[in-house]
Amino acid sequence: MAYYYNEPSRTFSEYLLIPGYTDENCTPANVSLRTPLVKFRKGEEESAIYLNTPFASAIMQSVSNDTMAIALAKEGGISFIYGAQSIESEAAMVARVKNYKAGFVTSASNVTPDQTLADILELKSKNGYSTVAVTEDGSPNGRLLGIVSSRDYRVSRMSTDTPVHEFMTPLEKLVTAPEGTSLKEANDIIWDHKLNSLPIVDGNGCLMYFVFRKDYSEHKLNPNEILDEHKRYIVGAGINTRDYEQRVPALVDAGVDVVCLDSSDGYSHRQKKAIDFIRGKYGDTVKVGAGNVVDRDGFLFLAEAGADFVKVGIGGGSICITRETKGIGRGQATALIEVCAARDEYFEKTGVYIPVCSDGGLVHDYHMTLALAMGADFLMMGRYFARFDESPTEKLMINGVFVKEYWGEGSNRARNWQRYDMGGAGKLSFEEGVDSYVTYAGPLHNNVEMSVYKIKSTMCNCGVTNLEDLKKNARLTLVSSVSIVEGGSHDVILKNK
């Protein structure tokens with residue numbers, strides 16, 4: 001006879017937090033949302049990667065590209081670049097994130113002195129960078145001859161076939177710094193000479209790196225940004241269970257910080273095989289998340305397989321119809337509570353803490369705090385991020401409202417059959433996601449700032465100032481259908497806004 005769970009499968013909307021004592025230290029300014037991304041061992045070391053904001057953007061074509069990854073890393077969260085694209089394309093996105101911000105940046109735009117203004121304009125259109133190095137051979141590390149910036153030319157007054165050497169700023173007029181200059185020294189030189197960029201050259205006059213004024217300024221504007229040891233943004237990438245032997249090495253070469261197996265059902269030998277490959281080739285140096293699962297058994301399977309974090313959620317996404325199509329899944333709140341209990345049990349037994357990511361089912365901002373109180377270490381969201389300027393899709397006007405396109409990885413549009421891999425033919429047999437629109441919400445920074453403030457404010461109401469205490473001390477109550485109605489505005493006539 002089949003096994004039947006006694007309790008129903010519940011969603012976040014069926015719970016509320018009960019306030020706790022708020023002391024004088026419980027103010028949003030004192031709340032820390034720092035949280036581990038990957039596993040660590042009790043008493044020996046901390047997690048190799050921490051987030052300052054517990055947000056991850058979903059592994060979806062309509063959500064996570066390099067633009068989203070840069071914007072979210074500035075806020076302290078992480079993006080997982082979507083894997084439903086060619087290996088070369090995904091690796092290039094990762095590389096663009098890693099090269100976007102660093103203390104010492106390898107030049108991404110380079111020309112020879114005999115190239116033309118047309119080449120400069122093409123480079124700027126292609127990668128968006130306004131600083132172009134002029135080297136003897138046109139390589140990033142060739143002998144430096146000069147620099148072209150946007151103030152060196154006027155398109156309206158110059159012919160596009162003008163040679164670069166006629167309008168570049170030559171080496172003798174540049175301020176440079178020698179090999180071995182520290183980042184602090186470089187920033188001091190930039191400040192003293194009022195520069196936008198400082199070339200670092202070796203003893204032979206060859207260009208090594210640039211240090212940019214904007215990097216220092218952006219760091220001051222984004223105190224929560226997450227950086228690696230080379231002061232580059234942290235970025236993740238999605239992988240599947242088919243081509244990981246080729247995809248993972250390419251992503252590692254591009255500088256990826258963590259990969260994540262992207263699957264609707266992670267309780268599978270295919271995920272273990274993929275993790276075994278990564279561990280065999282890279283040991284623990286390459287971090288890999290796995291999932292998705294919805295119960296204790298699924299978590300323990302992936303924990304024993306060697307996952308660095310585990311994603312929870314099947315069928316809870318706003319564009320996901322897995323439950324409707326296949327009758328598989330579980331209410332996100334119930335799934336999260338059981339998996340986090342298993343995580344804590346595993347920690348007590350082994351001393352290894354494996355972070356849990358709640359993926360899907362987050363409709364309102366208060367759901368975020370509920371998920372964190374239920375034990376999630378960080379949250380993966382698709383619809384939430386798809387609404388912002390930084391997502392890959394176009395802003396459209398539909399019926400007088402600005403929207404952005406948003407589609408599921410299991411839709412025919414995405415055709416991401418690898419995510420639903422059951423070992424069959426390489427095609428999408430039926431849809432498990434829909435194609436839709438979401439209401440446009442503006443820039444990521446403004447929206448994330450507001451959501452984070454709501455989380456911090458709610459944590460203060462619970463009497464806690466960090467996520468560890470929230471998990472330990474939160475008190476939650478189930479709510480009835482009547483009390484859900486009572487929780488919104490009722491028995492009044494609302495004014496038109």
Side-chain angles (χ1 to χ4, degrees), residues 37-38 48-51 55-109 126-129 140 209 215 218 222 225-263 274-275 277-278 281-282 284-290 308-309 311 357 378 380 382 385 390-393 409 414 416 418-419 444:
L37 179 71
V38 294
I49 305 174
Y50 276 88
L51 304 180
F55 291 175
S57 64
I59 309 170
M60 301 176 72
Q61 295 173 15
S62 56
V63 178
S64 295
N65 64 349
D66 49 312
T67 306
M68 176 62 70
I70 291 166
L72 187 50
K74 289 179 181 179
E75 304 300 325
I78 188 171
S79 286
F80 286 86
I81 304 291
Y82 69 90
Q85 58 180 317
S86 71
I87 294 172
E88 296 75 18
S89 178
E90 186 178 13
M93 285 190 181
V94 169
R96 285 198 290 273
V97 177
K98 301 307 289 185
N99 290 329
Y100 177 82
K101 179 173 189 331
F104 297 94
V105 183
T106 300
S107 179
S109 295
K126 180 180 179 181
N127 59 31
Y129 302 135
Y209 308 105
D215 286 352
E218 287 188 6
N222 301 292
E225 64 185 3
I226 53 169
L227 308 172
D228 64 17
E229 66 272 18
H230 302 296
K231 309 242 179 240
R232 303 175 300 180
Y233 284 134
I234 298 288
V235 63
I239 60 174
N240 61 66
T241 54
R242 287 293 182 114
D243 63 10
Y244 54 84
E245 293 186 10
Q246 296 77 41
R247 190 173 292 268
V248 172
L251 295 172
V252 171
D253 289 344
V256 75
D257 296 283
V258 55
V259 297
C260 183
L261 284 156
D262 181 32
S263 174
I275 296 171
F277 166 79
I278 292 171
K281 186 174 179 66
Y282 299 102
D284 291 328
T285 61
V286 172
K287 306 302 180 184
V288 53
D308 286 294
F309 68 83
K311 279 205 296 145
C357 170
F378 61 101
M380 181 169 281
F385 288 109
E390 293 81 0
S391 71
T393 60
E409 290 300 288
N416 185 9
Q418 296 98 331
R419 189 176 197 276
L444 178 145

Task: pair Phe55-Glu75: side-chain heavy atoms closer than 4.5 Å - done: no
Open item on the list: Within the 4.5 Å heavy-atom criterion, are Asn240 and Arg247 side-chain neighbours or not?
Closed with: yes
Task: Glu390 (side chain) donor-acceptor with Leu444 (main chain) under 3.5 angstrom - done: yes
Task: Rounded distance [0.5 Å steps], CD in Glu225 versus CD1 in Ile70 - done: 12.0 Å
TODO: Identify the two heavy atoms, one from Lys287 and one from Val38, that lie closest to each other, and give their separation to 0.1 Å.
DONE: CB-CG1, 3.9 Å
Open item on the list: How close do Val258 and Val288 get, counting heavy atoms only, and between which atoms?
Closed with: CG2-N, 4.4 Å
Open item on the list: Please give me the minimum heavy-atom distance between Ser107 and Pro140, naming the atom from each residue.
Closed with: O-CB, 3.6 Å
TODO: Decide yes or no for Met60 and Phe385: does some side-chain heavy atom of the first lie under 4.5 Å from some side-chain heavy atom of the second?
DONE: no
Task: Plane angle bin for Tyr233 and Tyr100 - parallel if under 30°, tilted between 30 and 60°, otherwise perpendicular - done: parallel
Task: Donor-acceptor contact below 3.5 Å, side chain Asn65 vs main chain Met68 - done: yes
Open item on the list: I'd like to know if the side chain of Thr285 reaches the main chain of Tyr282, judged simply by a donor and an acceptor atom lying under 3.5 Å from each other, with no hydrogens or angles considered.
Closed with: yes
Task: Ion pair check, Lys98 and Asp228, cut-off under 4.0 Å - done: yes
- [ ] Examine distances only and state if a side-chain atom of Ser64 and a backbone atom of Ala58 form a donor-acceptor pair shorter than 3.5 Å.
- [x] yes
Open item on the list: Using side-chain heavy atoms (C-beta onward) and a distance below 4.5 Å, is Leu261 in contact with Ile275?
Closed with: yes
TODO: Rounded to the nearest 0.5 Å, what's the gap from NE2 on His230 to CZ on Phe104? Could you check?
DONE: 12.0 Å
Task: Close side-chain approach of Lys281 and Val286, heavy atoms under 4.5 Å - done: no
- [ ] For residues Thr241 and Ser263, determine if any side-chain heavy atom of one lies less than 4.5 Å from a side-chain heavy atom of the other.
- [x] no
TODO: Please name the pair of heavy atoms, one in Val94 and one in Val256, separated by the smallest distance, quoted to 0.1 Å.
DONE: CG1-N, 3.6 Å
Task: Candidate list Ile239, Ile81, Val252, Asp308, test side-chain contact (heavy atoms from CB on, under 4.5 Å), partner Val259, passing option - done: Ile239
Task: Leu37 side chain near Asp257 side chain, heavy-atom distance below 4.5 Å - done: no
TODO: Could you tell me which non-hydrogen atom of Asn99 sits nearest to which non-hydrogen atom of Val105, and how far apart they are?
DONE: O-CG1, 3.6 Å
Open item on the list: Regarding Ser62 and Thr393, do their side chains bring together a donor and an acceptor under 3.5 Å, going by distance alone?
Closed with: no
- [ ] Supply the atom-to-atom distance Phe80 CZ to Lys311 NZ, rounded to the nearest 0.5 angstrom.
- [x] 8.0 Å
Open item on the list: Please find the pair of heavy atoms, one from Tyr50 and one from Ile226, that lie closest to each other, and give the distance.
Closed with: O-CG2, 3.7 Å
